[in-house]
Colleague: 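Right, I'll just put the structure down here and ask away after.
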Amino acid sequence: MQIVKKSASEVPAYVTSIITDQLNQKKNSILGLATGSTPLAIYKYWIEEFKQGNLDFSQAISFNLDEYVNLPASDPRSYNYYMKENLFQHINIDQNNTHIPNGQAESLQEECARYDQRIQEFGGIDLQILGIGLNGHIGFNEPSNELLLNTHVTPLSESTRIANSRFFDHIDQVPTQAITMGIGSIFKAKKIILIAMGVEKSEIVKQAFLGNITTQVPASLLQLHHNVEIVVDTDCGKLIT
Ligand code: PGA
């Protein structure tokens, strides 16, 4: 595991250089993508680089980490909508090559199994982008006594619903369940970049990457992955020397 500290303004360019190398090496890379506030500046940078002709997504394939259960793709708070709005519609990725779990599938169990199968059919994720929740979650793998390996339906913890209520008018509107790639699905990625920004994430980042490995801080398991880079801005990395 490598921890890389950059100024907040350097983080998007730094992460973009990794994705550019990845796509230069393998045009049809399988990218694992995340939502939330953290990737926004990074996706903006990808769009700029694409416009400059420095990034080509024409053969890239993407799989998103998670999606709310029972929020239509047309809902602006869905991750489906987020991805189109903040990335896909601005770059040359083939929409047929983008994958997001369907939180409205008739059988959510079948949807989860199909999602993992699809990732494997494509040969597994080459580069996974991750954020980290204030409670240490990755994807929606919430702190728990046990963590599930495969893509699954999960209840959202109270702290996650509170954190995400900023996108909704009222906390009661925040879905109570989501589909998320499991810890095993994430661990199969050949390379993982976790990005954490801002002072409010500094304590959990310290716990996750300098502390013991525990399922109560799901991100801490990444210490065991063979190729993971933690990219933090100076505020977030202030407790890490
Ligand atoms: P954030 O979410 O980027 O909005 O802080 C990160 C996460 O919950 O994984």
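Note that ligands are numbered from 1 as they come in the structure, with each ligand's atoms numbered from 1 the same way.
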Colleague: Run the side-chain donor-acceptor check on residues 101-110: report pairs under 3.5 Å with partners two or more places apart or on a different chain.
Modeller:
unit_1 : atom_1 : unit_2 : atom_2 : d
N102   : OD1    : Q104   : N      : 2.8
N102   : OD1    : A105   : N      : 3.4
S107   : OG     : E110   : N      : 3.1

Colleague: Answer yes or no: is there a donor N or O on one side and an acceptor on the other, between the side chain of N54 and the main chain of F50, under 3.5 Å?
Modeller: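 Not a single qualifying donor-acceptor pair exists.
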
Colleague: Which residues pass the ring-ring contact (aromatic ring centres under 6.0 Å, His included) test with H152, not counting sequence neighbours?
Modeller: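 Residues passing ring-ring contact (aromatic ring centres under 6.0 Å, His included) with H152: none at all.
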
Colleague: Run through ligand 1 for me and note each protein residue having a heavy atom under 4.0 Å from it, chain first, then residue number.
Modeller: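 Answer by chain and number: G36, S37, T38, G131, I132, G133, H137, R166, K201.
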
Colleague: Are the side chain of S78 and the backbone of Y81 linked by a donor-acceptor contact shorter than 3.5 Å?
Modeller: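 Yes; judged by distance alone, with no hydrogens or angles, the pair exists.
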
Colleague: Considering residues at least two apart in sequence or located in another chain, which fulfil the salt bridge (Lys or Arg N to Asp or Glu O under 4.0 Å) criterion with K26?
Modeller: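 Checked K26 against salt bridge (Lys or Arg N to Asp or Glu O under 4.0 Å); matches are D126.
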
Colleague: Would you kindly say whether S144 and Q216 are connected by a side-chain donor-acceptor distance under 3.5 Å?
Modeller: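 No donor-acceptor contact under 3.5 Å links the two side chains.
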
